[in-house]
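Please read the structure below before turning to the comments.
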Amino acid sequence: MRENSRRNFIVFLCLAVLLVLVFCLSLSLGSVSVPVRDVFSYLFGGEGNPQYVKIVREIRLPRAVLALFSGGALAVSGYLLQTFFRNPIAGPFVLGISSGARFCACILMVIVAGQGYTVSNGQMVGWSFAGAMLATGIIILLSFRIKSMGILLVAGFMVSYIMGALTDFLISFADDASIINLHGWTQGSFSGTAPADALEAAVMIAAVSVFIFCLSKPIGAYQSGERFAETVGVHVHLLQLGIIVLSSLLSGVVTAFAGPVSFVGVAVPFIVRTLMRDRRPLAMLPALFLTGAVFTLISDLLARMLLSPMELSLSTVTSVLGAPLVLIMMVGRKKEREI
Amino acid sequence: MSEPLLKIENLSAGYEKKPVLSGVSFAADRGEAVVVIGPNGAGKSTLLLTLAGILKPMGGRAFLSGTDMKALTSGQRAKRVAAMFTDRRQRDPKTVRELVTEGRYPYTGRLGALSEKDREAVREAMEKTDLLSLSGRDIGELSDGQRQRAYIARALAQEPELLILDEPTGFLDVRYQLEIIGVLKALCQNNEKPITILMTLHDLALLPKIADRVLMLKSGRQAGCGTASEMLTEEKLAELFEIPREAAAIYLPAKTSERSVRKGRKHLRYGFTTGTAAALAAKASAELLLNNKSLSTVAVQTPKGWEVSAVPERLEKAEDKAICGIRKDAGDDPDATDGILISAEVEKKRELGISIDGGPGIGRVTKPGLDQPVGAAAINSVPRQMIASACEEVMREAGYEGGLSVTISAEDGETIAARTMNPVLGIEGGISIIGTTGIVEPMSEKALIDTIALSLHQAAVEEKRKQETGPGCGTSGTSRNSENKAVRRVILTPGNYGEEYIEKTGIGSLGIPVVQVSNFIGDALDLCAEEKFDEVLLVGHAGKLVKLAAGLLNTHSMYGDGRMEILSVYAAMAGASRETVEKIMACATTDAATDVLKEACLFEETAVHVMEAIDNRLKRKAAGAFQIGAVVFSKVHGLFGITGEAEHFLLAAGFRGNLKG
């Protein structure tokens with residue numbers, strides 16, 4: 001146990017340092033380069049070139065904050081679903097969250113905007129979130145009838161397919177502009193984040209994450225076995241319901257503000273498991289949040305910088321960055337035995 | 001009567017809406033192990049899942065120490081009931097300690113913080129499963145048996161009163177199976193915190209080693225509940241598993257009557273004592289009276305630890321009493337009471353408690369100094385305890401809260417007793433029930449002497465080996481005499497009383513072999529000469545060894561008595577009056593006679609004379625082949641006397657203890 005404490009400390013320290021570093025770089029680098037010293041001064045109310053200040057405070061800061069919290073949220077959400085399904089390839093969108101959100105975003109864009117009404121940012125956010133929760137609601141209802149994890153996973157896929165099909169149906173009535181908009185939304189992006197949005201997202205994600213952290217103990221018991229958890233006093237069915245709802249909230253919020261960001265939720269838990277020896281949720285959850293934040297910030301920075309001034313799609317970068325990383329780690333480590 | 005730890009009434013349970021199990025009723029006490037057996041699909045796992053709280057019962061009730069389990073919150077239940085099922089796949093690396101700590105879930109703080117008490121409980125759980133030395137190892141590196149113990153330790157960390165295990169020995173090889181069964185048995189028999197165990201077992205051969213009670217389930221219904229002996233009969237097994245009777249026979253535990261011991265060239269069967277017969281009869285009567293159950297086989301646990309079962313010969317009920325007759329089977333022992341029919345009549349009475357008395361055929365005590373007071377029935381304390389326990393068991397199961405009166409009688413007891421020592425001991429009117437172990441070990445004379453010869457030979461070989469290991473070899477048992485030749489020593493004792501005394505005083509720790517010689521003192525001494533021992537010490541109870549003073553070298557009562565005569569003569573030589581001598585002659589035991597002598601202040605001198613006489617007789621028998629000393633003691637009065645040679649023996653062997661005993 002003492003070994004674990006030491007290792008935990010090292011991992012957390014490294015992650016924290018990395019996070020601060022990448023966060024600063026996100027604020028500093030870009031088509032306009034702002035020296036890091038100035039970045040700090042602008043953040044804390046200092047004066048300087050008004051254009052630079054605006055870039056840092058109103059464009060890059062909200063974007064970085066959203067990227068940070070989204071990364072953390074997705075990593076945690078992915079981890080929760082992997083725990084729930086006892087399946088390491090489950091991700092935050094496996095229960096149809098992104099398809100639900102996309103479907104509602106599509107309604108907004110194709111139908112509403114197509115009719116000539118303007119769609120506000122707030123409406124986009126609201127409707128996307130509603131779509132995500134719609135998918136979650138269907139899954140929860142199904143979970144009362146379907147007791148097997150494996151079958152519930154399949155049900156999640158089916159919900160995704162149905163939503164996807166409905167979306168495609170709607171698209172057939174759409175004009176090109178709407179289709180392009182929807183496609184753009186589907187790629188996921190942190191660009192153009194308003195400060196108010198960033199704050200809203202951060203608060204919601206932080207609140208849900210803290211709540212999940214408080215459930216570390218029962219989640220840990222659940223990981224040791226459903227029957228075991230039941231016998232030590234965990235209300236397993238309630239916990240399972242809670243896990244679905246909480247992870248959906250996390251990924252729903254991210255999707256609402258940034259669209260579906262793929263791969264983070266699957267890859268980051270994998271990376272963290274390799275880094276950490278202490279597998280208790282108590283230690284894993286903070287590590288996941290930090291790693292997800294770092295990973296997403298790096299991806300967003302690269303998406304912005306690689307082909308500047310053109311922005312790559314976020315999901316492309318996360319996939320290209322993440323997939324080889326996972327492969328390397330998988331090949332490199334010792335096989336985990338089932339005992 | 002204290003509440004049983006677990007009581008199930010008409011329980012039914014299942015999945016979805018259909019019950020898979022119904023009508024299950026049984027009870028288990030603290031420290032009992034209940035094993036559930038039955039064919040696949042009988043509902044065993046369902047029963048365990050329901051009692052562990054994972055499935056909700058569909059009907060009936062379950063009580064834990066009197067509390068309805070439905071009324072317990074999951075947290076409260078988790079602190080009293082722990083379960084280990086077969087889904088035990090762990091993907092994450094974990095040390096044994098970390099795994100066991102998981103079991104403290106119901107006790108730890110909000111985020112799982114451990115208190116000192118938690119750490120202590122984890123340590124204790126690992127100690128009980130012998131895992132302390134492995135506490136830092138990763139569970140993936142453990143052997144299957146060790147890993148299984150780790151899971152059991154995790155369950156123990158919950159500090160449960162009831163431990164539920166589903167196939168704990170599944171997939172383990174024989175060695176690990178025995179390891180696990182050993183751990184579980186120790187948990188049940190722990191004196192401070194006995195745990196009640198409910199488990200399933202496929203391997204019926206393990207049952208007798210662990211099961212106090214066996215519950216049979218078939219097709220979702222209860223097919224029987226009782227002790228292992230009562231349930232594991234050819235008939236019941238064949239019916240339960242639907243296999244032919246001959247096949248079922250393989251799984252039956254060896255019955256006491258089929259146990260035998262090799263004495264010389266013969267296999268002699270063990271039997272059970274009259275006390276056991278009385279307990280069996282009492283149990284069957286109680287079952288009939290209180291539960292209205294007419295047992296075809298009845299079984300009891302004997303103090304020796306073996307279970308004895310018998311078929312009641314007579315079983316009748318009338319209003320408020322029931323009577324049962326069991327025929328005593330003394331095995332292959334030449335016992336006067338073999339085949340006697342012992343009956344127990346059990347009657348309900350208003351006052352609490354169990355009263356035991358003797359009826360026709362059971363003798364009554366008329367002289368003081370025996371286990372029972374004058375006027376009582378000649379049933380000694382251990383048999384009384386056996387009878388009482390057997391009745392209590394039945395009363396508990398039936399939930400009977402009143403009292404019982406038990407009357408034991410023996411057919412033709414008076415005539416049979418005339419052939420025993422009873423009239424001499426002052427027991428009149430019938431036989432006495434005295435056995436302490438409940439089991440009769442067959443004793444054919446020649447066979448016994450052969451056994452003694454073997455033991456003495458082994459002892460001689462052992463002493464010779466010590467001799468050859470070199471001079472001055474540490475053990476106080478071997479020392480050199482004046483010619484620097486290693487001295488071969490042996491200690492002889494008639495039986496268990498002597499062994500106990502030898503242990504208690506520390507004579508047993510001298511490193512000298514101790515051989516039990518029963519009544520064959522003379523034969524044993526001859527054998528000692530044959531085996532070329534140099535020094536022999538005889539340690540025994542006064543009641544036996546006093547006879548040596550008159551030259552009775554076989555102390556079995558069938559060869560003669562004369563104890564009181566001997567004591568009287570030497571007392572007279574010490575100055576006893578006629579009155580004192582008459583008092584001594586009226587005594588039944590040497591202890592009683594000792595009391596008389598002490599009262600007359602003649603004890604010391606008499607004892608000296610007696611020991612002198614014993615010394616002479618022994619030396620005459622030894623005829624110079626070896627040096628022989630004697631230590632005579634009494635359970636009540638401590639040391640009776642010690643001969644000079646015995647003192648020399650003990651001194652040379654390095655004895656530093658106290659002979660008071």
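Here is the naming used below: chain letters follow the sequence lines, and residue numbers restart at 1 for every chain.
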Pick one of side chain, backbone, both or neither for B:A83, based on which atoms fall under 4.5 Å of a heavy atom in chain A.
->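 For B:A83, backbone and side chain are both near chain A.
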Identify which part of B:I164 has an atom lying under 4.5 Å from any heavy atom of chain A, answering side chain, backbone, both or neither.
->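 It is neither, since no heavy atom gets under 4.5 Å.
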Heavy-atom distance under 4.5 Å between the side chains of B:P93 and A:R279, does that happen here?
-> yes
Would you call B:E102 and A:F228 a side-chain contact if the rule is heavy atoms closer than 4.5 Å?
->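 Yes - at least one pair of side-chain heavy atoms lies under 4.5 Å apart.
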Please report the closest heavy-atom contact between [X] and [Y], naming both atoms and the distance.
X      : Y      : value
B:S74  : A:G233 : OG-O, 3.3 Å
A:T231 : B:Q158 : O-NE2, 3.5 Å
B:R110 : A:C214 : NH1-O, 4.5 Å
B:R77  : A:E230 : NH2-O, 3.3 Å

Are there over 12 heavy-atom neighbours, none belonging to [X], within less than 6.0 Å of that residue's [atom1]?
X      : atom1 : value
B:Y15  : OH    : yes
B:R175 : CZ    : no
B:K185 : NZ    : yes

From [atom1] ([X]) to [atom2] ([Y]), nearest 0.5 Å:
X      : Y      : atom1 : atom2 : answer
B:L55  : A:R227 : CG    : CZ    : 8.0 Å
A:H235 : B:T73  : NE2   : OG1   : 7.5 Å
A:S224 : B:K94  : OG    : NZ    : 3.5 Å

At a heavy-atom separation under 4.5 Å, does A:P218 approach chain B through its side chain, its backbone, both, or neither?
-> both
Contact winner vs chain A - B:A155, B:A52, B:G109, heavy-atom pairs under 4.5 Å |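 Among B:A155, B:A52, B:G109, the one with the most close pairs to chain A is B:G109.
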Is there a donor-acceptor pair under 3.5 Å between the side chain of A:K217 and the backbone N or O of B:T108?
->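 Checked: pair present.
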Decide yes or no on side-chain contact (heavy atoms from CB on, under 4.5 Å) for B:R104 and A:V232, but give the supporting numbers first.
-> CA-CA 8 Å; B:R104 291 301 291 171; A:V232 288; over 6 Å; no
